[in-house]
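Right, one structure below, let's go through it.
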Amino acid sequence: MLQFNRTNRTLRGYGMHPVLGYLLGFAAFILLSTYLFHQTTYGGPVLLLLALGILAKMAATGRTEFLRLVFGDRKGRLIRLLENLMISLPFLVVLLYQGAYAATLLLIAGSGAMAGLRLKGRPNFTLPTPFYRKPFEFTVGFRNTWYLLLPAYILTAIAVSVQNLNLGLLAMLLVWGISMTYYLRPEPAYFVWSYAVRPSGFIFEKMKTATVFAAGLVLPVVASLLLFFPQHPEMTLFIAFFGFVFLWTIILAKYAAYPDEMGLPEGVLIALSIYFLPLLLVMIPFFYFKSIKNLNLLLK
Amino acid sequence: MIRIKELHKQYGENLVLKNVNLSFSGGRVYGIVGENGAGKTTLFRCIAGLEDFQGEISSEFRPLKNHLGLLLTEPFFFSNMTGNEYIRLLCNARGLSIPDPEARNVFDLPLRQYASTYSTGMKKKLAITAILLQENKYFILDEPFNGVDIQSNMVITEIIHKLRELDKTVLVSSHIFSTLRDTCDEIHLLKKGEPVTTVDKQGFDRLEAEMKAATIGNKLEKLGIK
């Protein structure tokens, strides 16, 4: 019940009615998983790994110990089992519907087994990053998402080997999508305040760093696609270019909402821009001037 | 020099700072004391420019914040960011490049480890290191001695002495009077958002005795400890 209330609060924080949030989330999940099964033969294993990844997060030592401390050993484990089943349920429905029975059975077994697990949150190991000289977004983001970037590069290699440009473009979109997530959450005011620049200089600095570092991430994909699909460079360059434009838009939208997190209005405006690209000509200046206004208190 | 004139700050109906008129000059260390909620942190945040306020805060620098090192009571650290990277982030923000933070690691911190895994004291020491490397003229240290071990306490005290020697202006808040006695030239007592007493070194003992009397009084007798 507490988790349900917390989720409701989070959705309200995004400016969305919880019921609408659940419906949108459910619809997005069904659409994406159907697309996944439609596009590849690895839909079952991918969905299974995704579900197990979420379950592993839920088995983090801190929260597991807290539950057992508050509710006792037996009740704590039961709560964990219920949580796991609730999380697995949508995945199980899709897997069953798609006839991925082996993945279904593995997920049920995993849900049960992981209810009794306490996974140590983070190993005492510092992951090297090529972005360490200019913290923080890409430095922290790379460490949080390296395991998602890896499949994107593998997907590029597969695209080249099976001569499927669309798959390569999907890999590039994945890299762009991951890079953009680095700018979704607002940092504490102290880390904006610390900058000895005007708001416009701050925004420019953020966009410059993002451009250089994102170029580093996306370059292997773009170069591979241009090299191995020389007959269709236009789609590769189109997505590469608009990847940068949307990355800048996300940065501007982040500070347009600052110090709050980006909410429904910014999300809707960005989504509309994806469907109608010329809208970016209005969105970018709109977010820019709003950002400048928001940053003025901290950087005047 | 920082000059504060007729500073007022309120959150909604709640007036948290009123009639603050203070000045802080170079080569001196100022202690700000007061009970929880007296307005110390809010005063610091106003000086830093992290809060809007009524009144005037001026200095030879415009804006002051670009020459100010601010140590927050509980510094924030991003997950998956090393100590080295934290220092780089804060120095980059001031347009400074620190090629090798390890060489300036006065507290012997494990700078290659993620800062979010540090203990409370280590986090504080990292935050202090970063603002020292920013080459500031002014320093605001909100509870710098909280949670740090006795050795680091001594190092921080020496750092404050060194900053005074270098003609920097330092504002310190602390709930441990002895640390203020060791470091400050002047102490301002805040009560309900208003500076009510200012004492120099000669008056520290008297201020401590007054604060003790006002805070403790005969409360311990109520406990009836046997």
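Just so it is clear: chains get the letters A, B, ... in the order the sequence lines come, proteins before strands, and each one is counted from 1.
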So which part of Arg112(B) gets closer than 4.5 Å to some heavy atom of chain A, the side chain, the backbone, both or neither?
backbone
Which portion of Ile98(B) sits near chain A, non-hydrogen atoms under 4.5 angstrom:
neither
Under 4.5 Å heavy-atom distance to chain B, tell me which part of Phe202(A) shows up: side chain, backbone, both or neither.
neither
Please classify the contact between Leu68(B) and chain A as side chain, backbone, both or neither, with a heavy-atom cut-off of under 4.5 Å.
both
Contacting moiety of Phe78(B), where chain A heavy atoms sit under 4.5 Å:
side chain
Centre-to-centre under 6.0 Å for Phe77(B) and Tyr114(B), is that the case here?
no
Between Arg143(A), Glu205(A), Arg133(A), which shows the greatest number of heavy-atom pairs under 4.5 Å with chain B?
Arg143(A)
Answer with yes or no after comparing the ring centroid distance for Tyr138(B) and His67(B) against a 6.0 Å cut-off, counting only values under it.
no
Between Lys9(B) and Asp52(B), does any NZ, NE, NH1 or NH2 come within less than 4.0 Å of an OD or OE carboxylate oxygen?
no
Top contributor to chain A interface from Glu51(B), Lys65(B), Arg94(B) [non-hydrogen pairs under 4.5 Å]:
Lys65(B)
Note: Arg28(B)-Glu186(B) ion pair, threshold 4.0 Å (strictly below)
yes
Aromatic ring pairing Tyr182(A)/Phe138(A), orientation class (parallel under 30°, perpendicular over 60°, tilted between):
perpendicular
Closest non-hydrogen atoms of Lys206(A) and Tyr255(A), given as atom of the first, atom of the second and distance, are CE-OH, 3.6 Å
Which of the residues Phe136(A), Trp193(A), Tyr190(A), Phe191(A) is involved in the greatest number of heavy-atom pairs with chain B at under 4.5 angstrom?
Trp193(A)
